[in-house]
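Here the structure is laid out as structure tokens; the discussion comes afterwards.
A note on names: the letters A, B, ... follow the listed sequences, proteins ahead of strands, and every chain is numbered from 1.
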2 protein chains.
Amino acid sequence: MTLEQLAIFAEVAERQHLTQAADALALTPSAVSAAVRRLEEAYGVPLFDRIGRGISLTAAGRIFLEEVRPMLARARAAERLLGELGGLQRGEISVFASQTVASYWLPPVLMRFHAEYPGIRLSLTIGNTATVAEAVAEGAAEMGFVEGEIADPALRIDSLVDDELMIVVGPDHAFAGRHDISADDLVGKTAWVLREPGSGTRSEFEHALARKGVDPERLEIALELPSNEAVLSAARSGLCATAVSGHVAAPHLTTGNLVRVDIALPSRTFRLLRHRDRNLGRAAQKLAEFSLSVAASDPRADLPVCR
Amino acid sequence: MTLEQLAIFAEVAERQHLTQAADALALTPSAVSAAVRRLEEAYGVPLFDRIGRGISLTAAGRIFLEEVRPMLARARAAERLLGELGGLQRGEISVFASQTVASYWLPPVLMRFHAEYPGIRLSLTIGNTATVAEAVAEGAAEMGFVEGEIADPALRIDSLVDDELMIVVGPDHAFAGRHDISADDLVGKTAWVLREPGSGTRSEFEHALARKGVDPERLEIALELPSNEAVLSAARSGLCATAVSGHVAAPHLTTGNLVRVDIALPSRTFRLLRHRDRNLGRAAQKLAEFSLSVAASDPRADLPVCR
DNA sequence: TAACTTTACGTCGTTCGTAACAATT
DNA sequence: AATTGTTACGAACGACGTAAAGTTA
């Protein structure tokens with residue numbers, strides 16, 4: 001039983017006229033006749049009565065037609081879907097990303113992509129760097145976004161934008177506006193509100209301090225909070241300093257709610273992870289290009305006041 | 001896009017293993033590989049990633065698989081249906097029949113058929129002789145049952161059983177038990193309750209009387225009733241006579257509720273109508289044979305006391 | 001005669017299997 | 001070395017079109 005046979009059968013059955021059906025199908029009456037006969041003989045069921053010089057459905061044919069019609073509809077739907085999957089009209093992309101990039105840099109990229117290709121469903125899963133890399137390697141994610149270093153031979157890695165870890169304070173804080181803050185001032189001269197231990201931001205900050213010769217243990221930590229927005233709210237009070245990703249701080253710096261402290265911390269890079277061998281669908285490929293071009297257009301576009 | 005291609009795709013997709021899928025499909029890996037490739041190239045959509053020495057679904061492939069699975073299920077259902085339509089497990093037979101045969105002789109035949117082939121749906125439509133013949137000629141009915149003569153070159157006609165028109169009265173009626181009733185006695189010696197003008201029974205009765213030299217107009221008609229059971233109920237009172245088909249009267253004669261008057265009226269024949277050229281499905285053909293054999297087994301089987 | 005379906009037959013394209021090949025574990 | 005997927009190629013099969021035949025209105 002072939003889809004073509006069924007389509008031919010349906011066409012003939014609905015027109016009750018073999019020649020007209022043949023025209024509609026762009027076939028010769030001979031081919032149509034043969035196709036119907038094959039279908040009938042394969043199952044031993046007469047579907048049409050050859051009556052006089054015409055043909056008309058048998059009872060079995062009528063019943064079968066009821067089954068065939070919705071089936072052809074499904075087939076056409078599947079065919080259309082397959083075509084759309086090749087184009088950019090339909091699809092589903094699974095993206096894994098680590099905390100910061102998922103929360104700050106990525107959303108506007110995804111939204112812009114969605115605006116351009118509304119038929120593509122995007123699903124974003126947040127995980128740590130290892131989780132993201134594993135998902136991409138296994139194929140659970142089409143692509144991943146992480147901050148920081150990663151090394152996996154199965155992965156193809158592209159740098160996107162630089163992210164600066166920065167120290168911010170409220171405008172009323174003693175550090176605000178000053179350009180002579182040294183690393184040593186970070187201990188004793190201010191209280192700190194930081195992300196919780198285990199978070200990427202916290203560990204990066206501590207490593208950065210250590211590289212500057214400051215023992216993180218000596219910081220006066222007033223509070224540990226489990227979200228970026230929480231520590232920023234605390235800093236806004238002017239009673240403490242905090243350290244966050246530049247992408248996190250950016251919107252607050254532009255409004256003047258927060259002020260950056262003029263101490264350089266090492267920057268890290270957002271990276272795009274793709275599988276080395278696995279082919280991306282056209283949609284996913286487009287999203288990857290999208291991310292790369294957004295990143296390339298201006299690595300600092302989202303950090304207008306970070307200098 | 002072929003059903004076979006889809007089946008192959010689904011098999012490979014579900015096993016994530018081309019060779020195993022090939023075994024399951026009784027094909028060579030080569031054929032399976034080629035089939036998948038054809039499907040992919042026809043629509044320009046990579047459905048599998050060839051990764052290492054294995055293959056795994058792409059995102060597009062996963063989505064497509066969700067569409068393909070229910071579709072293959074439908075296809076298999078249609079295929080099964082087609083097979084069953086050829087056998088006697090499924091089907092639908094439309095039968096047209098005229099009043100008397102539809103109401104009395106046919107039902108037990110249909111019930112016996114149904115008991116043997118419960119998967120076959122029977123639909124019975126009642127009409128007059130002309131309606132029935134037309135339905136069969138047009139194909140609206142697989143077969144028809146009528147009483148009396150019919151002539152249509154498109155129809156194949158078989159005689160089934162004889163039906164006697166008979167005069168019946170209640171046991172208290174003056175005619176009951178008498179064997180010396182003549183045709184002339186039918187006028188003036190009893191009141192009549194008859195089926196309405198236009199019914200087959202009424203017109204046949206009047207023609208029969210006319211052939212016996214009795215003017216139907218002279219009958220003392222007390223009441224005209226539109227159903228066989230109604231006239232029989234009236235006759236049971238003993239106050240009138242009536243004329244009905246032997247098949248209609250039979251059950252009442254056996255119980256003694258009614259008595260037949262010993263006057264011979266011409267008999268008519270129940271006939272089976274089939275289209276001369278149109279092929280019956282196996283089920284319908286079986287039903288026709290069924291009717292013929294029931295009729296042949298004993299033409300009087302349903303008329304035990306009609307003599 | 002005209003309309004319609006079917007049969008006969010040659011041709012072309014598709015799909016299959018065998019066998020060799022390439023790549024991975 | 002064994003497993004797995006792919007390519008090359010020849011053979012079998014199926015479907016199509018042309019042309020002719022059979023049937024009916």
### Query
Which comes earlier along DNA chain D counting from the 5' end, the contact point of A:Q5 or that of A:I51, where each point is its nearest nucleotide?
A:Q5

### Rounded interatomic separation in angstrom, taking CG from A:L27 and C1' from C:dC4
17 Å

### Task
Would you classify B:T19 as touching base, sugar-phosphate or nothing, given that sugar-phosphate means primed atoms plus P, OP1 and OP2, and contacts are heavy atoms under 4.0 Å?
sugar-phosphate

### Task
Could you list by number each residue of residues 30-37 of chain B showing a heavy-atom separation from DNA chain C of less than 4.0 Å, or answer none if no residue does?
B:S30, B:A31

### Message
Apply side-chain contact (heavy atoms from CB on, under 4.5 Å) to residues B:I55 and B:Q16 and explain how you reach the verdict.
### Response
CA-CA 6 Å; B:I55 59 179; B:Q16 299 268 44; 5.6 Å; no

### Query
Below 4.0 angstrom, N of the basic side chain to O of the carboxylate: do B:R276 and B:D152 qualify?
no

### Query
For the pair made of CD in B:E11 and P in D:dG5, what is the distance, rounded to whole Å?
13 Å

### Query
For the pair made of CZ in A:R276 and P in C:dA23, what is the distance, rounded to whole Å?
17 Å

### Task
Could you check how far CG of B:L25 sits from P of D:dG5, rounded to whole Å?
13 Å

### Message
Quick check: A:F9 with A:F64 (ring centres under 6.0 Å apart)?
### Response
yes

#### Entry: Length of the CG-P vector between A:D49 and C:dC4, whole Å
19 Å

### Task
May I ask you to say what A:A22 touches in the nucleic acid, namely base, sugar-phosphate or nothing, with a heavy-atom cut-off under 4.0 Å?
nothing

### Message
We want to know whether A:E147 and A:T100 form a side-chain donor-acceptor pair, criterion being a heavy-atom distance below 3.5 angstrom.
### Response
yes

### Query
Does the side chain of A:S98 pick up a donor-acceptor pair with the side chain of A:N128 at under 3.5 Å?
no

### Query
A:R50 has an atom CZ; how far is it from atom P of D:dT23, in whole Å?
15 Å

### Task
Could you tell me the separation between the NE2 atom of A:H17 and the C1' atom of D:dA25, rounded to a whole number of Å?
13 Å

### Message
Whole angstroms only, please: what is the CD-P distance between A:Q16 and C:dC4?
### Response
14 Å

### Query
Around atom CZ of A:R121, are there more than 12 heavy atoms of other residues, nucleotides or ligands at under 6.0 Å?
no

### Message
I want to check one thing: is the phosphate of C:dT14, taken as OP1 and OP2, less than 4.0 Å away from some side-chain N or O of B:R38?
### Response
no

### Query
Without hydrogens or angle criteria, can the side chains of B:D49 and B:S56 be said to hold a donor-acceptor pair below 3.5 Å?
no

### Query
Is B:R53 side chain donor-acceptor paired with the C:dT24 base, going by distance under 3.5 Å alone?
yes

